[in-house]
Each structure stands twice: as C-alpha cells, then as structure tokens.
Amino acid sequence: MIFDSHCHLQFTAFNNTRDEVVKRCKDNNVKLVNVGTCFETSKKALELSSQHDFMYCSVGLHPLHIKTDLVKQPLDKMEDYSLLEENGFDENKYRELIKNNKKVVAIGEVGFDLWRRPKTNNKKIAFVEKQKQELIKQLKLAEEFSLPVIFHCRLGFKYLFETLKEIKPKKAVCHSFTGNEQELERVLSYGYLIGVNGLIFKLDWLGNIIKKTPLEKILIETDAPYLTPPQEGEKLNEPIFLEYVIQKIGEIKNEKPEKIEEITYQNAKEFFSV
C-alpha cells in the first residue's frame, strides 16, 4: 500500500476529475492526507476526507495566504483560493475544525516562504516577522491537540530554526524538502522527517540528500496537483503517480521499491497516528 502524505485533492484543479482520481486511489489501495492551506481549503479538505475511509486531512494557514501589503503574491489557478487571504491565523475558527474530528491528523501546511519577498531590508524583516508570529499561533494549536506539524519551508530554514527555539513540536515533517545538507542534519536532529516528491526528478542534488536520510525518516508525497513526475507528461499530479517517486528512491538507496513502499507507508501511519 502507498501513503501519500501530502496532496490537495480538494483544490479547484480537480473539480472536473476528482471522482476519477479518488476512484483510482481507492482501486490502488492508496491512503492520503489532503493538506489545508487556508481556512477555506482546510474546511474543504475535511469535507472531502470525511467522505472516504482512506483519506485524512490537515488544517492550517500557509504563509502565502497571510495578508500583507509588503509583497504581491501571484494568483494560483490550481488552488483558486489565492484571493482568500487571511489577516492572521484565527485559532478559534481552526479549532472548531479540529474538535472531535479524528479525520484531522496534523496542522499544516505552515511555516515560511521567502520565494517572493520585499526588496528593502526593513520590509523583509517585517515580512518574516509576520510569518513567524502566525506560525507560532499554529504551533501552539498543534500542541493543544497533540497533533504533528507539516512545515512548508522555502528559503526560510534560518527563520524556522529560530522559531523552534521558542516552541518546538514533538513531531513534524518538512514537506517538499529542498534544504542543504546542514539543514537536513538540523531537521533530523530534532527527530523530524522530510517529504520527498516529484522534485526528485528535477533537482539532481536531492539524490545526495536522500542518500543521507534514513529511510525511516522519509515520507513520500505528491503535492498534487503540482510536481507531476516527468513520466506522466503534462497531466495533473495525483496520488497513484507516487510509484515513480518510490522507484527513484529505490534506485538512489539501492533498495527494492517494495521495501520503500512498505517503510514509507509505516512511517506515515506512525507519524499521523492512523
């Protein structure tokens, strides 16, 4: 069995094909977590996951959904929620999604994104500080409900590590890990996991990162509808395409795909407590 630890089947990109994608997941024994990025996508992730016994979800406010006039973020047609910015993390609203609902298995995806950042130093400082404060609120909520955390960290490990000095979740995964070896060592020293997806086919140096990461510390993910493996061309990514990621990890680690599948499946079950 395969466990897609990070996908977004609730996104608008799947509106015309969602039923077929869900059926392929079911037919191929794929479990998955639909990951929230703001309140609306978190709510839709919960609604979709509640309809299927092989689905779970997370809830959280992605750093790019935090409203700010410091930098303009591009619209994302795949998600179609880029206009739904939030002034800040409203823990009461998200708490209501979590309460008495076993389908919510994590807080995420949350963290830092500095891919597009202000050009002046003062604005950059304010930009980072805003993301940090909203992250801390969400880490406190994860602590309150004893939930693991799904970190989104793009060009922001320096700030993530600084935040973890103030509040550090017991369990976390760095989704779509693209850090360097030193950052990997720091992440692993916390006991955290890394998420591996279709970027493995685009960034050659990730092979060395995977070699250095114990298999027990890897979660596999699609980040669907994004990061489609090249074997599937221009299609939207979907959970069954994880077979290519599994094969690639097997090649890098000189292990059979069956072993990669088995261990990463167990990793996900243990991480999400399902």
Of all heavy-atom pairs between Ser42 and Cys38, which one has the smallest distance, and what is that distance? OG-O, 2.7 Å

Verify the cluster assignment for Leu242 and Ile260: are they in a single hydrophobic cluster under the rule of side-chain heavy atoms below 4.5 Å apart? yes

Pairwise distance CZ(Phe177) to CG(Leu203) - rounded to 0.5 angstrom: 12.0 Å

Over 60° means perpendicular and under 30° means parallel, so tell me whether His175 and His6 are parallel, tilted or perpendicular. parallel

Within the structure provided, determine whether Val187 and Phe151 are in side-chain contact (heavy-atom separation under 4.5 Å). no

Treat each ILVMFWY residue as a node, draw an edge where side-chain heavy atoms are under 4.5 Å apart, and state whether Ile210 and Tyr265 are in one component. no

When you measure from the side chain of Ser58 to the backbone of Gly108, do you find a donor-acceptor pair of N or O atoms at a distance under 3.5 Å? yes

Is it the case that over 12 heavy atoms from other parts of the model lie below 6.0 angstrom from the NZ atom of Lys137? yes

For the NZ atom of Lys235 and the OG1 atom of Thr228, what is their distance to the nearest 0.5 Å? 9.5 Å

Taking all atoms of both residues into account, what is the closest heavy-atom pair of Gly191 and Lys217, and its distance? O-NZ, 3.2 Å

Is there a side-chain contact (heavy atoms from CB on, under 4.5 Å) between Phe3 and Val274? Walk through the geometry before answering. CA-CA 11 Å; Phe3 204 127; Val274 297; 3.8 Å; yes

Measuring only between side-chain heavy atoms, which start at C-beta, is Ser5 closer than 4.5 Å to Val173? no

Between Glu47 and Lys43, is the closest basic N to carboxylate O distance under 4.0 Å? no

Going by atom types alone, do Gln131 and Asp113 pair a side-chain donor with an acceptor below 3.5 Å? no

Ignoring hydrogens and geometry beyond distance, is a side-chain donor-acceptor pair present between Glu129 and Gln133 at under 3.5 Å? yes

Which pair of non-hydrogen atoms, one from Ile220 and one from Thr264, has the smallest distance, and what is that distance? CD1-OG1, 3.6 Å

Cation-pi between Lys171 and Phe271: NZ/CZ under 6.0 Å from ring centre and within 45° of the ring axis? yes

A quick test of your reading: do over 12 heavy atoms of other residues, nucleotides or ligands sit less than 6.0 Å from CG of Asn16? no

Examine distances only and state if a side-chain atom of Ser49 and a backbone atom of Leu46 form a donor-acceptor pair shorter than 3.5 Å. no

Find out if a path of hydrophobic residues (ILVMFWY) with successive side-chain heavy-atom gaps under 4.5 Å connects Val33 to Tyr192. no

Do Ile2 and Val245 belong to the same hydrophobic cluster, where Ile, Leu, Val, Met, Phe, Trp and Tyr are linked whenever their side-chain heavy atoms lie under 4.5 Å apart, directly or via other members? yes

Taking Asn34 for the side chain and Leu9 for the main chain, is one N or O donor matched with an acceptor at less than 3.5 Å? yes

Given the rule that I, L, V, M, F, W and Y join up when any side-chain heavy atoms are under 4.5 Å apart, are Phe14 and Val30 in one cluster? yes

Between the CD atom in Glu261 and the CD atom in Glu243, the distance rounded to the nearest 0.5 Å is 9.5 Å

Calculate, to the nearest 0.5 Å, the distance between atoms CG and NZ belonging to Leu184 and Lys212 respectively. 8.5 Å

Measuring only between side-chain heavy atoms, which start at C-beta, is Ile200 closer than 4.5 Å to Ile252? yes

Taking Gln10's backbone N and O only, do any of them form a donor-acceptor pair with Lys44's side chain (distance below 3.5 Å, no angle check)? no

Would you call Glu96 and Lys99 a salt bridge, taking side-chain N to carboxylate O under 4.0 Å as the test? yes

Mind checking whether His52 and Lys26 have side chains closer than 4.5 Å, heavy atoms only? no

Over all heavy atoms of both residues, which pair between Tyr190 and Lys168 is shortest? Give the atoms and the distance, please. CD2-CD, 3.7 Å

Look at atom CG of Asp204 and say whether more than 12 heavy atoms of other residues, nucleotides or ligands are closer to it than 6.0 Å. no

May I ask you to decide whether Glu91 forms a salt bridge with Lys140, counting only side-chain N to carboxylate O separations under 4.0 Å? no

Take a 6.0 Å sphere around CG of Asn15 and say whether it holds more than 12 heavy atoms from other residues, nucleotides or ligands. yes

For the side chain of Gln138 and the backbone of Leu61, is there at least one donor-acceptor N/O pair under 3.5 Å apart? yes

Please report the shortest heavy-atom distance between Gly60 and Val110, naming the atom on each side. CA-CG1, 4.2 Å

Over 60° means perpendicular and under 30° means parallel, so tell me whether Phe11 and His8 are parallel, tilted or perpendicular. parallel

With sequence neighbours excluded, what pairs up with Phe161 under the ring pair (Phe, Tyr, Trp, His ring centres under 6.0 Å) test? Phe157

Could you give the distance from CD1 (Ile66) to NZ (Lys130), rounded to the nearest 0.5 Å? 7.0 Å

Under a 3.5 Å distance rule, please check whether Lys67 uses its side chain to pair with a backbone N or O of Gly88 as donor and acceptor. no

Could you tell me if the side chain of Arg117 sits less than 4.5 Å from the side chain of Phe112, heavy atoms only? no

Tell me whether Glu109 contacts the main-chain N or O of Ile150 through its side chain, where contact means a donor paired with an acceptor under 3.5 Å. no

Phe145 side chain near Arg95 side chain, heavy-atom distance below 4.5 Å: yes

Could you give me the CA-CA distance, side-chain angles and deciding distance for Phe54 and Val22, then say whether side-chain contact (heavy atoms from CB on, under 4.5 Å) is met? CA-CA 10 Å; Phe54 57 90; Val22 169; 3.8 Å; yes

Using side-chain contact (heavy atoms from CB on, under 4.5 Å), reason through Leu64 and Arg154 one step at a time and then give a plain yes or no. CA-CA 11 Å; Leu64 294 185; Arg154 182 157 54 171; 4.1 Å; yes

Assign the ring pair His62 / His65 to parallel, tilted or perpendicular, where the plane angle (0 to 90°) is split at 30° and 60°. perpendicular

Measure the CD1-OH distance between Ile107 and Tyr94 for me, rounded to the nearest 0.5 Å. 9.5 Å

Which heavy atom in Lys253 sits nearest to a heavy atom in Thr213, and how many Å separate them? NZ-O, 2.8 Å

Side chains of Ser176 and Glu221, heavy atoms from C-beta outward: is any pair under 4.5 Å? yes

Is it the case that over 12 heavy atoms from other parts of the model lie below 6.0 angstrom from the CD atom of Glu270? no

With side chains defined as the heavy atoms from C-beta onward, is the minimum distance between Leu114 and Lys124 less than 4.5 Å? yes

side-chain contact (heavy atoms from CB on, under 4.5 Å) for Arg18 and Leu48? Distances and angles first, verdict last. CA-CA 10 Å; Arg18 187 173 294 111; Leu48 177 60; 4.0 Å; yes

Does a donor on one side chain and an acceptor on the other come within less than 3.5 Å for Asn237 and Thr222? no

